[in-house]
Amino acid sequence: MSPDEFRRAGHAVIDWIADYWATVEQRPVTPTDPPGTVASGLPASPPTAGGEPVEAVLADLDSIVVPGLTHWQHPGFFGYFPANTSGPSVLGDLVSSGLGVQGMLWATSPACTELETVMMDWLAQLLDLPERFHSTGSGGGVIQDSASSATLVATLAALHRASHGRWRTTGVDRRYRAYTSTHGHSSIEKAARIAGLGADGVRTIDVDPDTQALLPAALRAAIDADLAAGDIPAIVVATIGTTSTTAVDPIPEIGAICAEYGIWLHVDAAYAGSAAVCPELRWSHAGLEYADSYCFDPHKWLLTGFDCDAFWVADRAELVEALTVLPEFLRNAATESGAVIDYRDWQVPLGRRFRALKLWFVLRWYGAEGLRAHIRSGVALATRFAERIHDDDRFDLAAAHPFSLVCFRLRADDDTNASLLERVNHSGRVFLTHTRVGGRYTLRLAVGSPQTTEAHVDEAWTLLSSAADHLMRPA
């Protein structure tokens with residue numbers, strides 16, 4: 001493909017994306033075709049000759065691929081957590097793909113590393129993170145692919161500290177423990193399994209039945225019991241905005257316990273970290289000065305396309321010591337000088353994409369006030385929906401809603417609530433997901449799309465209310 005051919009095809013693809021965004025609301029949020037539909041629409045073998053115009057590819061994209069999509073950018077998508085992109089993010093990703101640089105070392109593309117370092121400092125300022133996370137001190141930030149990878153890296157660094165460095169050479173030679181609440185993310189167990197602790201190495205700590213937040217007294221009791229058994233507490237993963245209900249663990253109390261026992265504290269704010277761009281929501285980050293590491297996902301609620309997890313450590317030397325492997329073919333003068341950051345030492349893979357570009361585009365396009373407006377809009381829309389739930393005596397709010405997620409249920413059995421979710425999602429106009437709170441089937445409505453308005457939230461409520469009428473009608 002020549003530069004001129006790329007230019008013509010690129011215009012066509014950009015036009016296609018813009019048209020998709022302009023019309024996505026008209027599509028069902030989720031597909032209805034059975035499994036295998038997309039695969040059956042594709043040829044069984046790859047083309048033997050090239051030369052198909054981009055228009056032919058886009059036509060098949062329209063007819064085969066798009067009908068099989070769940071439309072995460074749809075204004076009626078209220079499932080899971082948001083994973084929204086934006087025009088500036090797409091353009092930044094396009095530039096990154098066009099440049100095609102490999103940012104594993106500072107020497108392999110200095111601008112890739114230095115822009116990332118500055119972007120992480122910008123984000124630290126926007127969220128008002130403790131100074132210890134800034135690159136100007138002993139800490140610093142790096143872009144991981146996801147919060148799952150951030151948790152894994154934090155676990156490895158914690159094992160390195162807890163073993164006094166033995167982990168690097170002899171592996172897991174003792175029984176180490178990780179701690180999180182019963183609402184901690186599944187990635188915590190996966191990280192423990194990958195790191196060699198095993199699923200049994202994760203201690204799940206009870207939560208307050210009212211707030212769904214980890215109980216510090218229960219954490220202390222678990223740590224004391226493990227120490228008495230000869231086990232070594234290695235890491236506590238606290239959460240700001242749990243997946244089920246966006247509960248906020250009491251970081252100040254948890255942090256004080258970790259400091260007392262010398263345990264690595266990782267704070268996972270994958271979804272709710274974005275809220276801290278708003279000063280009025282920074283209460284959720286109280287106690288972060290205790291954290292050894294912290295992460296959140298701009299690719300969830302901060303208009304930056306997947307994948308982009310922002311991960312900070314308070315002591316970058318500890319992280320590098322745990323993860324660095326330097327074969328001869330990677331040695332270079334800049335690395336040997338100690339004056340540069342090599343982000344290959346901050347992650348599991350060697351190679352890395354130029355993810356900082358899309359973050360740079362987003363931060364420059366929206367600015368701090370634009371990002372705050374986006375977060376505040378989501379919170380306001382969730383509050384609007386929660387008020388509908390509160391005012392209808394057929395429903396209960398199942399948890400607090402400090403951000404843009406509302407958990408609720410019909411005052412009925414679990415099967416009826418599952419039927420309610422199925423009916424509403426079958427409409428094609430909205431998509432919600434579920435969890436369990438206190439053991440009971442609970443619906444979740446998560447606002448995040450920049451295209452979502454009051455009308456879309458009101459439509460979700462209308463569909464729910466109508467379905468409830470049908471389900472609760474006396475036989």
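Positions are given from 1, in the same order as the sequence printed here. Please read these numbers as outputs of a predicted model, since none were measured by experiment.
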If you take all heavy atoms of [X] and [Y], which pair is closest and at what distance?
| X | Y | result |
| --- | --- | --- |
| Leu420 | Leu464 | CD1-O, 3.7 Å |
| Ala286 | Pro252 | O-CD, 3.3 Å |
| Ser163 | His160 | OG-O, 3.3 Å |
| Ala150 | Asp309 | CB-OD2, 3.4 Å |
| His299 | Asp145 | CE1-O, 3.5 Å |
| Trp264 | Ala157 | CH2-CB, 3.6 Å |

Using modelled atom types and a 3.5 Å cut-off, is there a donor and acceptor pairing between side-chain atoms of [X] and backbone atoms of [Y]?
| X | Y | result |
| --- | --- | --- |
| Thr246 | Phe403 | no |
| Arg132 | Glu289 | yes |
| Gln347 | Pro349 | yes |
| Thr182 | Thr204 | no |
| Thr211 | Ala213 | yes |
| Asp342 | Asp345 | no |
| Ser465 | Trp461 | no |
| Ser109 | Ala111 | no |
| Thr180 | Val237 | yes |
| Lys358 | Thr304 | no |

Atom [atom1] of [X] with >12 non-hydrogen neighbours under 6.0 angstrom:
| X | atom1 | result |
| --- | --- | --- |
| Arg364 | CZ | no |
| Arg411 | CZ | yes |
| Arg394 | CZ | yes |

Give a yes-or-no answer on whether the side chains of [X] and [Y] include a donor-acceptor pair shorter than 3.5 Å.
| X | Y | value |
| --- | --- | --- |
| Tyr176 | Asp226 | no |
| Asp93 | Ser96 | no |
| Ser181 | His183 | no |
| Thr453 | His456 | yes |

### Query
Parallel, tilted or perpendicular for Trp301 and Tyr271, by the 30°/60° rule?
parallel
### Message
Can you classify the ring geometry of Tyr80 versus Trp72 as parallel (below 30°), tilted (30 to 60°) or perpendicular (above 60°)?
### Response
parallel
## Note on the structure
Taken to the nearest 0.5 Å, the spacing of Tyr290 OH from Glu253 CD works out to 9.0 Å
### Query
Could you state the interatomic distance from CD (Glu318) to OG (Ser293), rounded to the nearest 0.5 Å?
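Glu318 CD to Ser293 OG: 10.0 Å, rounded to 0.5 Å.
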Counting the benzene-type ring for Trp, do [X] and [Y] have ring centres under 6.0 Å apart?
| X | Y | result |
| --- | --- | --- |
| Tyr441 | His434 | yes |
| His285 | Tyr294 | yes |
| Phe385 | Phe408 | yes |

### Task
Using the six-membered ring of Phe81, assess whether NZ or CZ of Arg444 lies under 6.0 Å from its centre and within 45 degrees of the ring axis.
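The answer is yes, since Arg444 meets both limits relative to Phe81.
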Can we say [X] and [Y] salt-bridge, meaning some charged N sits less than 4.0 Å from an Asp/Glu carboxylate O?
| X | Y | value |
| --- | --- | --- |
| Glu454 | Arg384 | yes |
| Arg409 | Asp414 | yes |
| Arg388 | Asp458 | yes |

Side-chain donor-acceptor pairs of residues 113-121 under 3.5 Å, sequence neighbours excluded:
| unit_1 | atom_1 | unit_2 | atom_2 | d |
| --- | --- | --- | --- | --- |
| Glu114 | OE2 | Trp106 | NE1 | 2.8 |
| Glu116 | OE1 | Arg352 | NH1 | 2.8 |
| Glu116 | OE2 | Ile143 | N | 2.8 |
| Glu116 | OE2 | Arg352 | NH1 | 3.3 |
| Glu116 | OE2 | Arg352 | NH2 | 3.1 |
| Thr117 | OG1 | Thr113 | O | 3.1 |
| Thr117 | OG1 | Tyr343 | OH | 2.8 |
| Asp121 | OD1 | Ser135 | N | 3.0 |
| Asp121 | OD1 | Ser135 | OG | 3.4 |
| Asp121 | OD2 | Ser135 | OG | 2.4 |

### Task
Apply side chain to side chain donor-acceptor pair (under 3.5 Å) to the pair His71 and Glu25, showing each step before the final yes or no.
CA-CA 9 Å; His71 298 285; Glu25 183 180 358; over 6 Å; no
### Query
What pairs with Ala124 under side-chain contact (heavy atoms from CB on, under 4.5 Å), at least two apart in sequence or on another chain?
Leu129, His134, Trp312
### Query
Going by the salt bridge (Lys or Arg N to Asp or Glu O under 4.0 Å) test, which pairs reach into residues 254-283, not counting sequence neighbours?
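Those involving residues 254-283 are Arg220-Glu260, Glu280-Arg376.
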